[in-house]
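To find a chain, count down the sequence lines: A is the first, B the second, and so on, and within it residues start at 1. Note that these values count all heavy atoms, side chains included, but never hydrogens, waters or copies made by symmetry.
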Protein chains: 2
Amino acid sequence: MTLKPNIEPSTDTSLCPMPEIAKLIGGKWKLIVLQILIFHGMHRFNELRRKIDGVTQAMLTKQLRALEQDGLISRKIYPEVPPRVEYSATQKAIDLREMFEAMHRWWLNQQG
Amino acid sequence: MTLKPNIEPSTDTSLCPMPEIAKLIGGKWKLIVLQILIFHGMHRFNELRRKIDGVTQAMLTKQLRALEQDGLISRKIYPEVPPRVEYSATQKAIDLREMFEAMHRWWLNQQG
DNA sequence: CAGAATCCTGTGCGATACTG
DNA sequence: CAGTATCGCACAGGATTCTG
């Protein structure tokens with residue numbers, strides 16, 4: 001199998017600014033947060049926290065705020081006692097599904 | 001179109017450790033370096049440098065070493081004067097093509 | 001041309017404690 | 001339960017200079 005140098009769609013670097021994408025999904029916890037919300041649906045704060053091994057509240061909060069800022073997740077607050085906050089993937093994030101699936105296939109392939 | 005919560009293949013988080021992947025392709029210049037080498041074939045050091053806006057020699061060198069360490073690129077040295085070093089994507093990196101294409105489609109979709 | 005060697009800095013990340 | 005508020009450090013990132 002040979003590498004054909006001039007294959008679209010990523011041939012034109014200027015059209016696909018990887019640094020921008022890296023900013024969106026960079027950060028130690030963003031990929032895992034997105035993966036969970038995209039493939040497993042809505043989660044409450046502590047549900048996320050429990051599923052993500054090693055993350056602290058402070059860090060999780062920061063990354064969630066950043067993702068919200070970038071329009072990748074939505075945050076729904078219920079004015080109750082005790083408080084309830086639900087996080088979901090936005091359509092923009094859900095559209096990343098293909099990318100995650102490609103990542104996943106690649107990863108499995110590397111192991112074998 | 002609705003989000004179906006229980007769709008493979010990324011359902012089992014433990015099988016797809018995003019933090020590991022983030023380590024491989026994280027870093028400010030790695031994605032762009034990989035994209036260039038994967039889709040545009042072999043490059044010499046200064047060719048890469050010219051194509052990547054804003055990167056310094058030191059940073060490019062570091063990221064290239066890290067990528068080499070992770071088996072994503074190969075480095076071929078020609079014992080000549082002046083020295084020549086060629087960087088190429090390994091098969092492992094070339095297999096990331098699908099992921100890059102998914103990223104690219106997603107990015108274009110966001111703009112429109 | 002393709003780097004190595006230094007030195008410096010911002011901030012990503014984290015531990016801890018406190019709150020409505 | 002779901003956060004804020006502080007503090008601190010390591011390290012990624014960068015500017016600059018030197019070299020075979």
Nearest-Å distance for atom pair NZ/C1', residues Lys23(B) and dA12(D): 13 Å
Report all interatomic pairs (protein N or O, nucleotide N or O of nucleotides 13-20 of chain D) with separations under 3.5 Å.
residue: dG13(D); atom: OP1; partner: Lys28(B); partner atom: N; Å: 3.1
residue: dG13(D); atom: OP2; partner: Gln63(B); partner atom: NE2; Å: 3.1
residue: dG13(D); atom: N7; partner: Lys62(B); partner atom: NZ; Å: 3.3
residue: dG14(D); atom: OP1; partner: Lys28(B); partner atom: NZ; Å: 2.6
residue: dG14(D); atom: OP2; partner: Trp29(B); partner atom: NE1; Å: 3.3

Does the side chain of Trp106(A) come within less than 4.5 Å of Glu98(B)'s, by heavy atoms? no
Nucleotide dA12(D), atom C1' - distance to CG of Leu24(B) in whole Å: 17 Å
Which heavy atom in Met18(B) sits nearest to a heavy atom in Ile32(A), and how many Å separate them? CB-N, 3.8 Å
Would you give the length of the straight line joining atom CD1 of Ile73(A) to atom NE2 of His43(A), rounded to the nearest 0.5 angstrom? 12.5 Å
Measure CG/Leu60(A) against P/dA2(D) and give the value in whole Å, please. 10 Å
Classify the ring geometry between Phe45(A) and Tyr87(A) as parallel (under 30°), tilted (30 to 60°) or perpendicular (over 60°). tilted
N/O (side chain, Arg65(B)) to phosphate O (OP1/OP2, dA12(D)) under 4.0 Å: no
Please give, in whole Å, the distance from dA2(C) C1' to Glu47(B) CD? 13 Å
For Tyr87(B), which contact category applies under a 4.0 Å heavy-atom criterion: base, sugar-phosphate, or nothing? sugar-phosphate
Atom pair distance, as rounded to whole Å: CZ in Arg49(A) and P in dA2(D): 11 Å
Under-4.0 Å side-chain N/O to phosphate OP1/OP2 contact, Arg44(B) with dA2(C): yes
Nearest to the side chain of Phe45(A) - dG3(C), dG3(D), dA2(C)? dG3(D)
What's the shortest heavy-atom distance between Ala93(B) and Ile38(B), and which atoms? O-CD1, 3.1 Å
Looking only at heavy atoms, which two atoms of Asp70(B) and Lys30(B) are closest? And how far apart? OD2-NZ, 4.3 Å
Euclidean distance, atom CZ of residue Arg50(A) to atom C1' of dC1(D) [Å, nearest integer]: 10 Å
When the distance from NE2 of His43(A) to P of dC1(D) is rounded to whole Å, what number comes out? 15 Å
Could you give the distance from CG (Leu64(A)) to CZ (Arg75(A)), rounded to the nearest 0.5 Å? 8.5 Å
Tell me: CD1 of Ile77(A) to C1' of dG20(C), nearest whole Å? 13 Å
